[in-house]
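Encoded as structure tokens, the structure appears first; notes follow it.
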Amino acid sequence: MLRRALLTLLCALFAAGPALRAQGPRKPLSVVAAADLRGVFDELKAAFEARTPGVELKVAFGASGSLTAQILQGAPFDVFLAADTGFPEQVRKAGLATPEGPFPYALGTLTLWVRRDLGLDPARDGLQVLTSPALRKIATANPQVAPYGRAGEAALRHAGLYDQVRSRLVFADNIAQAAQFLQTGTAEAGLISLAQAEHPALRQSGIAWRVPADAYPPLRQAGVILARTQVPEQARAFRAFLLGPEGQGILARHGFGKP
């Protein structure tokens, strides 16, 4: 009886072999994402891959403007997730997006972070704390390529503080590097994303304060599927996941609002 069952199993595996070999290794889904998504992507990747067995998601991070330049120069990515809507729109206008065009997926929150041991109180004084002589350096992202950098500059100008603090600003290539400046002590305060301010290392050592939304242009984050993708079904599955309840729930837990 046992021998007959084993023989049946071997025959089934032999019959399935050619089909499995014909599938071959699947091409990974390549996603490039705004640096403010670095803290949330491990959870997004794990959940998406669990939902879509056999699909491997690979991700790289950078400033949205820098990633856009790479895409316009022919970089072979499948999905681009920016920290604003303008950069995906550039990709669409260049004819490099699928016909569906850009899709909003989250709303970012600009956040002021200040080192806790300095005794400053952003909840009371807001951006005015940045004028304190206790602060030698203030980290922010490069406004030329990073939407959070533009938002930070807009908020400082809205408060009438930009010229006062300009000499102490240190510009990072992207918002993730600005958060690293804070973690390593390169700067004592910074304008970063809420998701980064909620990172355990920064939460323990500093105080975070959400900059009022009317102080800077909305950080409506949008993505686009690139027309040159070789795995369009996988790319569309990822977009559906990101916009669906599970993806949106993960983004919300990491400080992102609904698009």
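Because the structure is predicted, anything quoted here is derived from the model rather than measured.
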- Message: Contact between Ile207 and Pro122 at the side-chain level, heavy atoms closer than 4.5 Å - yes or no?
- Response: yes

Show me, pair by pair, the donor-acceptor contacts under 3.5 angstrom made by side chains of residues 64-73, not counting sequence neighbours?
unit_1, atom_1, unit_2, atom_2, d
Ser64, OG, Ala83, N, 2.9
Thr68, OG1, Ser64, O, 2.8

- Query: Which word best sums up how the rings of Phe61 and Phe41 line up, parallel for under 30°, tilted for 30 to 60°, or perpendicular for over 60°?
  - Reply: perpendicular

- Item | Check: Gln196 side chain, Ser193 main-chain N or O, donor-acceptor pair, under 3.5 Å | yes

- Closest non-hydrogen atoms of Ala106 and Leu251, given as atom of the first, atom of the second and distance, are CB-CD1, 4.4 Å

- What one should report as the nearest heavy-atom pair of Leu130 and Leu112 is CD2-CD1, 3.7 Å

- Start with the C-alpha distance between Phe48 and Val55, add both sets of side-chain angles, then the distance that settles side-chain contact (heavy atoms from CB on, under 4.5 Å), and finish with yes or no. CA-CA 9 Å; Phe48 174 69; Val55 176; 3.8 Å; yes

- Those residues that, when tested against Arg166, pass salt bridge (charged side-chain N to carboxylate O under 4.0 Å, His left out) (two or more places apart): none

- Item | Same apolar cluster (I L V M F W Y, side chains within < 4.5 Å links), Tyr162/Ile192 | yes

- Query: Can you tell me how far CG of Leu110 sits from CG of Leu127, rounded to the nearest 0.5 angstrom?
  - Reply: 8.0 Å

- Message: Hydrophobic clusters here meaning ILVMFWY residues chained together by side-chain heavy-atom distances under 4.5 Å, can you tell me if Leu57 and Phe241 are in one?
- Response: yes

- Item | By salt bridge (charged side-chain N to carboxylate O under 4.0 Å, His left out) - contacts of Arg168 (at least two apart) | none

- Heavy-atom closest contact (Ala139 atom, Ala178 atom, distance): CB-O, 3.7 Å

- Message: So Phe103 and Pro259, do their side chains get closer than 4.5 Å, heavy atoms only?
- Response: no

- Message: Would the distance check show the side chain of Trp113 and the main-chain N or O of Leu182 forming a donor-acceptor pair, the cut-off being under 3.5 Å?
- Response: no

- Message: Going by side-chain contact (heavy atoms from CB on, under 4.5 Å), His254 matches just one of Val40, Leu37, Leu194. Which one?
- Response: Val40

- Quick check: are there more than 12 heavy atoms from other residues, nucleotides or ligands sitting under 6.0 Å from CD of Glu233? no

- Query: Near Gln230 CD, under 6.0 Å, is it more than 12 heavy atoms from other residues, nucleotides or ligands?
  - Reply: no

- Nearest heavy-atom approach of Gly126 to Trp209 is CA-CH2, 3.6 Å

- Task: Decide side-chain contact (heavy atoms from CB on, under 4.5 Å) for Thr52 and Gln234; before the verdict, give the C-alpha distance in whole Å, the side-chain angles of both, and the deciding distance to 0.1 Å.
- Result: CA-CA 9 Å; Thr52 51; Gln234 295 179 25; over 6 Å; no

- Any side chain to side chain donor-acceptor pair (under 3.5 Å) involving residues 120-130? Give me the pairs, sequence neighbours left out, ordered by first then second residue. none

- Task: Search all heavy atoms of Gly101 against all heavy atoms of Arg92 and return the closest pair with its distance.
- Result: CA-CD, 4.4 Å

- Note on the structure: Here the salt bridge (charged side-chain N to carboxylate O under 4.0 Å, His left out) pairs for residues 180-189, sequence neighbours left out, are Arg136-Glu188

- Message: Working to the nearest 0.5 angstrom, can you tell me the gap between Thr85 OG1 and Gln90 CD?
- Response: 10.5 Å

- Among pairs that include at least one residue of residues 50-71, which meet salt bridge (charged side-chain N to carboxylate O under 4.0 Å, His left out), considering only residues two or more places apart or in two chains? Arg51-Glu246

- Query: Say you draw a straight line from CZ of Phe256 to CG of Leu107; how long is it, rounded to the nearest 0.5 Å?
  - Reply: 10.0 Å

- Query: What side chain to side chain donor-acceptor pair (under 3.5 Å) pairs are there with at least one residue in residues 217-228, not counting sequence neighbours?
  - Reply: Asp36-Gln221, Tyr105-Gln221, Tyr148-Gln221

- Item | Phe80-Leu44 co-clustered via ILVMFWY side chain contacts under 4.5 Å | no

- Is it true that atom CZ of Arg210 has more than 12 heavy atoms of other residues, nucleotides or ligands lying nearer than 6.0 Å? no

- Item | Cluster link Leu96 to Val79, ILVMFWY, side chain under 4.5 Å | no

- Run the side-chain contact (heavy atoms from CB on, under 4.5 Å) check on Leu226 and Val224 step by step: do they pass? CA-CA 6 Å; Leu226 301 181; Val224 70; 4.0 Å; yes

- Item | Gap between atom CG of Leu242 and atom CD1 of Ile250 - 0.5 Å precision | 9.0 Å

- Query: What is the minimum heavy-atom distance between Phe181 and Ala172, and which atoms define it?
  - Reply: CE1-CB, 3.8 Å

- With sequence neighbours left out, what residues match His199 under side-chain hydrogen bond (donor to acceptor under 3.5 Å, both in side chains)? none

Show the atom names and distances, to 0.1 Å, of all donor-acceptor pairs under 3.5 Å that link a side chain in residues 151-160 to residues at least two apart or in another chain.
unit_1, atom_1, unit_2, atom_2, d
Glu153, OE2, Arg157, NE, 3.0
Glu153, OE2, Arg157, NH2, 3.2

- Task: For Tyr216 and Thr109, run side-chain contact (heavy atoms from CB on, under 4.5 Å): C-alpha distance rounded to whole Å, both residues' side-chain angles, the deciding distance at 0.1 Å, then the answer.
- Result: CA-CA 10 Å; Tyr216 59 92; Thr109 300; 4.3 Å; yes

- Message: Please enumerate all residues that pass salt bridge (charged side-chain N to carboxylate O under 4.0 Å, His left out) together with Glu198, with sequence neighbours excluded.
- Response: Arg203

- Query: Are Ile175 and Val165 connected in the hydrophobic side-chain network, where two residues link if heavy atoms are under 4.5 Å apart?
  - Reply: yes

- Mind jotting down which residue pairs meet the side chain to side chain donor-acceptor pair (under 3.5 Å) criterion with at least one end in residues 172-184? Sequence neighbours excluded, please. Thr184-Thr186

- Any salt bridge (charged side-chain N to carboxylate O under 4.0 Å, His left out) involving residues 66-85? Give me the pairs, sequence neighbours left out, ordered by first then second residue. Lys27-Asp78, Asp84-Arg150

